[in-house]
Amino acid sequence: MAVSAAQDLDELCYLSAQSLNSLKVSEHYHVIKLLGEGSYGKVMLAVHKKRGSPMALKFFPRESTTLVSFLREYNLSLSYCTHPSLTRALGIFFSTPDYYVFAQQAGLYGDLYSVIVSEVGMEEERIQRVMAQLSGAVTHLHSLGFVHRDIKPENIFLCDSQCRWVKLGDFGLARAIGSTVRAVWYESPFCTPEVEPAKEADKEWERRQAAGIEEEMEDIWITVEPCIDSWALGVLTYCLLTGCFPWEESTSDDRGYRRYKDWFEAGKEFNHAKTDCYSTMEAQHRDNPPPSQFSSISPLAMALFKELLVPEPKQRGSPEEILSYLGGPWLMDSERDQRRRAEEAQKEASKIRETGVMEGELLREGKGER
Ligand SMILES: Nc1ncnc2c1ncn2[C@@H]1O[C@H](COP(=O)(O)OP(=O)(O)OP(=O)(O)O)[C@@H](O)[C@H]1O
């Protein structure tokens, strides 16, 4: 699978390299606004002058992007993102003197990160809708032989404000299943625990630098597996439910992660078998209470975390598992009540504000100010 998926993609890159044309953006597109910026480039909303169709143009600076990595992301998005919740390229790619550019479907309602930071806890129904779509999208990508490797709220684009249709995008780090990549550790809970040795190696390198030791260090390599995406989907579920991260980084020196891992290990002793019976999940929850950062999470969602947030990569469940956990509560009743009350108070406050504005306007009209 790995060899053929990677080879097929290389072949597409080779063919498309022969038809890369140069173009002046302003001759063919009305550029409307900036949709976002990432570490590799910027993304603009544009309308094709002749066809009138809106699209997202992704600009990759040529000085920091290799042609191969540009073509790989473009071709992956064009030929393998054939699921409605994957952002597909539109068959338009070109270069300018400063950029490589390709066009893809545009999410016109921002990304999931903006929803998480602007709302005090999303409703469960909306969260489950998002996770159901992502489960399908990621399973589809895996079935075609690729792992996304960068699932996070900033890479999930919205096609409507209620998250009825979301699309996973940014395939810059996607690689074929089974390929080997250099392990890169970064400070985020999305970074999988199996990359921890790379953090140790970074520390060792810094220590040697400080001591003036010139000796080269060997890179650590890992195999690309679908379970990398399962982990990220678990962390994402937690972010959507709580509006924050479960811990800072998935390493043994992080207190939050250590507490989670201890709970997970203890669960092996308490939970004799995996169950889909809610009262059994509740009993397991009572026998082995989760660490405090999970106090608002229901036994059902904790059971889902036991599938996705498994420290040992080989034991981690697939993104498809999410589908078995939909429909039931993902938050504790007390948390749901609290959110409902906060939402009602918010609605009441905005009603009072609106009435105040209307009364003010009537008063001004009465005084003949208009
Ligand atoms: N197709 C799209 N529709 C709507 N918004 C988009 C689209 N593509 C990108 N964006 C916006 O632009 C931002 C950056 O895009 P993207 O993640 O693809 O860039 P990147 O440089 O590869 O980012 P990263 O630093 O995560 O690797 C996204 O977070 C999102 O807000």
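For reference, positions follow the sequence shown, starting with 1. Order of appearance sets the numbers: ligands from 1, and atoms from 1 within every ligand. All values derive from a computational prediction rather than experimental measurement.
- Defined by atom type and a distance below 3.5 Å, a donor-acceptor pair is missing between the side-chain atoms of Y40 and E73.
- Remark: R316 does not engage E225 in a salt bridge, criterion side-chain N to carboxylate O under 4.0 Å.
- Considering F102, F94, F93, Y100 as possible partners of F60, the one that fulfils the ring-ring contact (aromatic ring centres under 6.0 Å, His included) test is F102.
- Here the closest non-hydrogen pair linking L331 and E124 is N-OE2, 2.8 Å.
- If you look at ligand 1, the protein residues with a non-hydrogen atom under 4.0 Å away are L35, G36, E37, G38, S39, Y40, G41, V43, A56, K58, T87, Q104, Q105, A106, G107, D111, K152, E154, N155, F157, D170.
- Side-chain contact between M131 and L236 is present, with heavy atoms from C-beta onward closer than 4.5 Å.
- The two residues A5 and Y80 have their closest heavy-atom pair at O-OH, 4.0 Å.
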